[in-house]
Colleague: 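Structure below; questions to follow.
We name chains A, B, ... by the order of the sequence lines, and we start the count at 1 in each one.
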Number of protein chains: 2
Amino acid sequence: MPRLVAADIVIELRKRISSGEWAENGRIPPERDLADEFGVARNTVRRAVGLLEQDGTLVRHVGRGTFLATVDPNSLGAVVARMEGTSPADMMEIRKLLEPAAASFAATNASTSELNSVREAHETACDSTDMPVFEHWDAEFHHRVFACSRNDFLKEIHNLMRILRNQSPWFEMKKRSFSEERRVTYCGEHQAILDALMQRDPDAARQAMLIHLQTVERNLLGR
Amino acid sequence: MPRLVAADIVIELRKRISSGEWAENGRIPPERDLADEFGVARNTVRRAVGLLEQDGTLVRHVGRGTFLATVDPNSLGAVVARMEGTSPADMMEIRKLLEPAAASFAATNASTSELNSVREAHETACDSTDMPVFEHWDAEFHHRVFACSRNDFLKEIHNLMRILRNQSPWFEMKKRSFSEERRVTYCGEHQAILDALMQRDPDAARQAMLIHLQTVERNLLGR
DNA sequence: CCTCCTTGAGCCATTATTGAACCAATTTGG
DNA sequence: CCAAATTGGTTCAATAATGGCTCAAGGAGG
């Protein structure tokens, strides 16, 4: 028997909620019934339901039951939830808008030590023959470019995209799209970006980043 | 058995992590299970997991388990929380990146009825002399442009920005920057955007939106 | 020979789950 | 209107799972 049953129940409940299982009257079965159904103690179900209540998915009333919260489509939570369904094509389009701009900002705004940390990520990535390690430092390279763009909002948007890309539907796609040859290509393109940053040339940095993202897009979407 | 068993396990774990094996709930098996599976002592697994924890790939909690750092659901909340502190200057910079692109997309992708709904928002805004009413339809105009860009992710990013801009520090700023003269200016600029959309001219739409945002920026930041 | 890593074992501190009981608010049915 | 049933809220002790830590013995490589 695995542990952390509550977390698994949260996932299962989320699945059922989004599948519309209880959308009719918006009422969820009593905790005691759910406990029976999942074969766990009521306390465990209570913990799971509590988490869903905390993040605003459910509302509980003593003596009445537990209900789906009426979703405010303009709440931050709802917006982020909808973002989780973002398609790779849509996201690549936004990356092509934001990352070249971030590179351009970085060329003018970055401190020398920040640029060194970008170079460090680049070199570590190039030295990695192991795919997951390369992937990690590749992501780190892009992240550090955003970090020295000196626009905190831009940086956080990139964080958001990074989290979204770490959700399960993306894994298969990344796995399919990587190869040794492409790793070498990426290293060369990163080098061009880094060179432009070092030379403090915003336009060259923007251009180099755009070229790189077009390569990534081709590999990812097979265009 | 050669030495450096722990390093090999690090590589194997990285592989599995990047293949998405534990992406669903972000939890990796207990150290004791991994030790059994790899046929090594628990101490060795601990060393490997320790390395991955050190470089930020994993997070460990006594009594709970070991988790992928990137799928930590709190990290999404943390990102959004940090976004709430976004400065007007940073956001204007991003708006100037995204909204002209959205207008350009809209010029090519929008359906006729979508364009009509943009025009409707525009006309209602122009007819409003009351500041909160104008404000509402002004925001609605921009939102509808994003809505017909046919990029859901872009649309949600704009929703996010809209919510952030509706928080208190922004309210004062908007109130200060508003005047009858500016309202008329905005109406004219919106008209130019709408005309470009109606003529299905992406470049003109991008340009008109950029000009408008530069006006907004000047008024908002006093530059 | 010395150093570092692995092994296997044991114990600790923290956390999660269980099962139970009782309370408080609400609904249901007579 | 009242009583019973239903439902979430709270607490508690016992058990199990999990990472944190230490130690002694064995082994591989310099």
Colleague: Taking only side-chain nitrogens and oxygens of A:R64, does any of them come within less than 4.0 Å of OP1 or OP2 of D:dT7?
Modeller: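 The answer is no; no side-chain N or O of A:R64 sits under 4.0 Å from OP1 or OP2.
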
Colleague: Do B:R144 and B:E120 meet the salt-bridge criterion of a basic N to acidic O distance under 4.0 Å?
Modeller: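 Salt bridge: yes.
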
Colleague: With respect to the side chain of B:R27, which nucleotide from D:dT18, C:dT17, D:dC21 is positioned closest?
Modeller: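 Selected nucleotide: D:dT18.
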
Colleague: Are A:T44 and C:dT18 close enough that a side-chain N or O sits under 4.0 Å from OP1 or OP2?
Modeller: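 So the side-chain polar atoms of A:T44 do come within 4.0 Å of the phosphate oxygens OP1 or OP2 of C:dT18, strictly under.
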
Colleague: In whole angstrom, what separates B:L51's CG from C:dC5's C1'?
Modeller: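 Checked: the CG to C1' distance equals 13 Å.
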
Colleague: Provide, to the nearest angstrom, the distance between the CG atom belonging to B:L52 and the P atom belonging to D:dG19.
Modeller: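 Roughly 14 Å, once rounded to whole Å.
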
Colleague: Please examine the side chains of B:E93 and A:L154, heavy atoms only from C-beta on, and report whether any two atoms are closer than 4.5 Å.
Modeller: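 Not in contact.
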
Colleague: Could you point out which residue of B:L13, B:D33, B:D8, B:T44 forms a side chain to side chain contact (heavy atoms under 4.5 Å, CB included) with B:F38?
Modeller: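 The single option meeting the side chain to side chain contact (heavy atoms under 4.5 Å, CB included) with B:F38 is B:L13.
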
Colleague: Could you check which of C:dT27, D:dT7, C:dC11 has an atom nearest any side-chain atom of B:R32?
Modeller: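 The listed nucleotide nearest to B:R32's side chain is C:dC11.
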
Colleague: Among D:dG9, D:dG19, C:dT7, which is the nearest nucleotide to the side chain of A:R46?
Modeller: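 Of the candidates, D:dG9 comes closest.
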
Colleague: How many Å lie between CG on A:N25 and P on D:dT7, as a whole number?
Modeller: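 Between P of D:dT7 and CG of A:N25: 13 Å.
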
Colleague: When you match A:A41 and B:R47 each to their closest nucleotide on DNA chain C, which lands nearer the 5' end?
Modeller: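 It is B:R47 whose nearest nucleotide is closer to the 5' end.
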
Colleague: Could you check which of D:dG19, C:dT18, D:dG8 has an atom nearest any side-chain atom of B:T66?
Modeller: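 Looking only at side-chain atoms, B:T66 lies closest to D:dG19.
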
Colleague: Rounding to a whole Å, what distance do you find between A:L34:CG and C:dT17:P?
Modeller: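 That distance rounds to 15 Å.
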
Colleague: Under 4.0 Å, heavy atoms only, any strand: does B:V49 hit a base, just the sugar-phosphate, or nothing?
Modeller: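 B:V49: no heavy atom of the nucleic acid under 4.0 Å.
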
Colleague: Without decimals, in angstroms, what is the distance between A:F67 CZ and C:dA25 P?
Modeller: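 Atom-to-atom, A:F67 to C:dA25, this comes out as 17 Å.
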
Colleague: Among C:dA16, D:dG8, D:dC21, which nucleotide has an atom closest to any side-chain atom of B:N43?
Modeller: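 In terms of side-chain proximity for B:N43, the closest of C:dA16, D:dG8, D:dC21 is D:dC21.
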
Colleague: Between A:H61 (NE2) and D:dG8 (C1'), how many Å, whole number?
Modeller: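 Taking NE2 of A:H61 and C1' of D:dG8, I get 11 Å after rounding.
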
Colleague: Would the distance check show the side chain of B:S149 and the main-chain N or O of B:V145 forming a donor-acceptor pair, the cut-off being under 3.5 Å?
Modeller: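 Looks like no, no N/O pair under 3.5 Å.
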
Colleague: Would you call B:K15 and B:E21 a salt bridge, using N to O less than 4.0 angstrom?
Modeller: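 Salt bridge: no.
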
Colleague: Would you mind reading off the distance between B:E31 atom CD and C:dA9 atom C1', rounded to a whole angstrom?
Modeller: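 Whole-Å distance recorded here is 15 Å.
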
Colleague: Taking the nucleotide of DNA chain C with the nearest heavy atom to each, does A:R42 or A:V62 sit closer to the 5' end?
Modeller: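 First, find each residue's nearest nucleotide; the 5'-ward one identifies A:R42.
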
Colleague: Quick one: A:F38 CZ to C:dA16 C1', roughly how many Å, whole number?
Modeller: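 From A:F38 CZ to C:dA16 C1': 17 Å.
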
